[in-house]
Amino acid sequence: MMPPAFSEAERARITEQLLATATHLFSTQGLRKTSLDELTAPAGIAKTSFYAFFTCKEDLYFEAALRQNEEVRRRVIGEGLHQGADTRDALRRFLRATVRELDTNPLYRRLMSHPEEMEAVAARLTPERMAAAGAARWPTWWPSSANGWTETLTCCSACSGRFC
């Protein structure tokens, strides 16, 4: 049976509801313990309709993380690292901003404390899906492949792994 066609307004509403629900559930329960039923019920759609929006739970997790990436980057890198008067001050600000982010952002905390979830997401997504996210939205802390982590955190294109 084919999932029902959704209007653009319905698609936007359902997508936002799925993302909000996913952010909450993935933050509190994790990827494996969150069921499709739990994700789709608040949006008012059947499990089969979920696939009209995302290819799998991991795709939804990835999108939820991407949606937060720019704000996290702005708070940690832009307001932390780049505001330092010197290297020591910049590093101090960066570390404080990171701890503050971990304290106040449950999904970011989950992503940092459960690397196995990031690995599961990276293993399920196609290279095309990852590339479609675009370099500007790519989380600097996301695994570059299912086999390994990106090794450097670059704060800007000019520093190439060294903190400005």
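Because the structure is predicted, anything quoted here is derived from the model rather than measured.
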Open item on the list: Test of understanding: with salt bridge (charged side-chain N to carboxylate O under 4.0 Å, His left out), list the residues that count as partners of E38, not counting sequence neighbours.
Closed with: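 Result, salt bridge (charged side-chain N to carboxylate O under 4.0 Å, His left out) vs E38: none returned.
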TODO: Go through the structure and list residues passing salt bridge (charged side-chain N to carboxylate O under 4.0 Å, His left out) with R75, not counting sequence neighbours.
DONE: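 Here the qualifying residues are E71, E101.
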What residues form a side chain to side chain contact (heavy atoms under 4.5 Å, CB included) with [X], not counting sequence neighbours?
X    : result
A120 : L31
R13  : none
D103 : none
A46  : T48, S49

Taking side-chain hydrogen bond (donor to acceptor under 3.5 Å, both in side chains) as the definition, give me every residue that meets it alongside [X], ordered by chain and number, with sequence neighbours left out.
X    : result
T40  : none
T55  : D59
S113 : none
T21  : Q17

Task: Inter- and intrachain pairs under salt bridge (Lys or Arg N to Asp or Glu O under 4.0 Å), touching residues 14-24, at least two apart - done: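 Of all non-adjacent pairs touching residues 14-24, those that pass salt bridge (Lys or Arg N to Asp or Glu O under 4.0 Å) are E16-R67.
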Would you say the side chain of [Y] lies within less than 4.5 Å of the side chain of [X], judging by non-hydrogen atoms?
X    : Y    : answer
T28  : T34  : no
R129 : E63  : yes
L111 : E117 : no

Open item on the list: Ring centroids only, cut at 6.0 angstrom: are F53 and F6 within range, meaning strictly under it?
Closed with: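 Yes - the distance between ring centres of F53 and F6 falls below the 6.0 Å cut-off.
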- [ ] Heavy atoms only: give me the nearest R124-C56 pair and the separation to one decimal.
- [x]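 Reported closest heavy-atom pair: NH2-CB, 3.6 Å.
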Under 3.5 Å: donor-acceptor pair, side chain of [X], backbone of [Y]:
X   : Y   : answer
R11 : A52 : yes
E10 : S7  : yes
K57 : S35 : no
R93 : L81 : no

Open item on the list: Going by ring-ring contact (aromatic ring centres under 6.0 Å, His included), name the pairs with one or both residues in residues 109-131, residues two or more places apart or in two chains.
Closed with: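 Sorted result for residues 109-131: empty, none.
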